[in-house]
Amino acid sequence: MDATTLSLIPQPAQLVRQSGTFVIDSNTRIAVSAGAEAVAQRFAEELRRATGFALPVDTLPAEADAATGTLALILDRTTSGGDEGYSVQVTPNQVTIRAAAEPGLFYGTQTLRQLLPVEAYSPTPVSGVTWTVPALSIQDWPRFRWRGMHLDVGRHLFPLDFIKKYLDLMALHKMNTFHWHLTEDQGWRIEIKRYPRLTEIGSQRAASPYPADRKTLDGVPYGGFYTQDEVREVVAYAQALGITVVPEIEMPGHAVAALASYPELGCVGEGYAVRTFWGIAEDVFCAGNEDVYTFLENVLAEVLDLFPSEYIHIGGDECPKVRWQSCPKCQAAIQREGLADEHELQSYFIRRIEKFLNGRGRRLIGWDEILEGGLAPNATVMSWRGSKGGIEAATAGHDVVMTPNTHCYFDYYQSEDNEGEPPAIGHYLPLEHVYMFDPVAGIAEDKAHHVIGGQGSLWTEYIPTTEQAEYMAYPRAVALAETVWSELPDRDYDAFMERLRTHLQRLDRLGVNYRNPFA
Ligand code: ACM
Ligand code: ZN
């Protein structure tokens, strides 16, 4: 194997090739230090699926006991690179993966898997393959700590198996944050025990628009939701893959499904139905009604019990002010609080929610519209309308996650030939644009540390099936993974495409319905 045949994605920080190979065969043993057993068992299972070898996993009393022919997984607090960093040393006699913490050790195993022949991703044992690993030394660590993928389950719902596959694929690419967009105008998707109508009524809509003709409804009822047990299952599944699940509960806009369930929470107070058309609704939570804050705090209390994530996403995007302008309660709140206008009322709303979350040890993150009317004091901004909002927030000293639609909106077309593509929301975001994404572009050097990472966003108005979701996300998510993990100077699109060519053979074996950029 020469240097060009290594197809690691994301590209590691440091890699030195050496001569020779290590071969994994039925005699290979996995030796682990105390605490590394769970990662080792997972890796042993991945190897077993593809190779058929049931390699024994033995805990070592001391690292020095690792013998020739072993694959050693060592947790060592003194390893550099943070909790997600790791090193891989491959010699003809031994493989050693070393990390300070479990997430890094797990990433080391995923790098090792990429060093094996692509058959290592086969779901069933492949015979006739020599499982060679090239001798080398890798030191690796992430560039950003928020390496995210978002999924909108409000517009279309996806089964638990798909959510798990989405998480598996994220982990494979060293992505660590799953932004789960759980509530929308067109559907409320998370069970809340205290408010059963949210799912009895709010999870069901009467019809959906036809993808190719957005003005005509199909007349087919659509709905569903995740139970709290299912949510716990997803959170635990993600945790084992080093992924934090950040839930999004939308407020004050994108809330029609909640209003249809509890009409008294809207300014008008009656006549709501779970929205069938896509787009932006004028009906939003009433910002002048104390019952709305009580409701949202009760909802969030259950959400906090389910999600250990430090960050809680509260939406905040696309909230028209027209109802607030003519609502006596909203106008009274503006008077009472001495607010200048409805934008400041939105800011007041978000600040109250932030206070609630901070009081419970969590941090608020919201879309960049939360800048309008003044940003809540500790808020983190998710920049989607380009990078402008993120730049403004970082410059003001707030943390930022970048998911600018210019580089990170995977619901956009990925080919200029729209005729040959499934109907999408519009626009054009080719793989190369994603690869050229730099989360800190346009930000002063002394503020760049406020950019905690980047994220690919997958809105699903025009994505009714799991196959299409994969098609839109992959391989763009592969390019994104490298932009948030690997340092900028290492970026070379042609070299990435060469590595991607091999990488797609892995995705083939994992049954991923990606769009083939080489076809
Ligand atoms: C968004 O795309 N409305 C955040
Ligand atoms: Zn109101």
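Every number for a ligand or one of its atoms is a count from 1 in the order of the listing.
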What's the count of protein N, O or S atoms under 2.8 Å from the Zn ion (ligand 2)?
4
Tell me if the aromatic rings of W459 and H181 count as close, with their centers under 6.0 Å from one another.
yes
Can a side-chain donor-acceptor contact be found between D213 and T216 if the only test is distance below 3.5 angstrom?
yes
Would you call D229-R232 a salt bridge at under 4.0 Å N-O?
yes
If you measure only the distance, is there a donor-acceptor pair under 3.5 Å linking the side chains of E191 and Y226?
no
Verify side chain to side chain donor-acceptor pair (under 3.5 Å) between R155 and Y222, making sure each step is shown before the conclusion.
CA-CA 10 Å; R155 274 59 175 262; Y222 184 94; over 6 Å; no
Evaluate side chain to side chain contact (heavy atoms under 4.5 Å, CB included) for T395 paired with I443, printing each intermediate quantity in order.
CA-CA 7 Å; T395 304; I443 299 202; 5.5 Å; no
Do any nitrogen or oxygen atoms of ligand 1 lie under 3.5 Å from a protein nitrogen or oxygen, and which ones?
residue  : atom  : partner : partner atom : Å
ligand 1 : 2 (O) : Y409    : OH           : 2.6
ligand 1 : 3 (N) : D317    : OD2          : 2.7
ligand 1 : 3 (N) : E318    : OE1          : 3.3

Do the side-chain N and O atoms of Q346 and K321 include a donor-acceptor pair separated by under 3.5 angstrom?
yes
Aromatic ring centroids of Y413 and Y428 under 6.0 Å?
no
Tell me if the centroids of the rings in F178 and H150 come within less than 6.0 Å of each other.
no
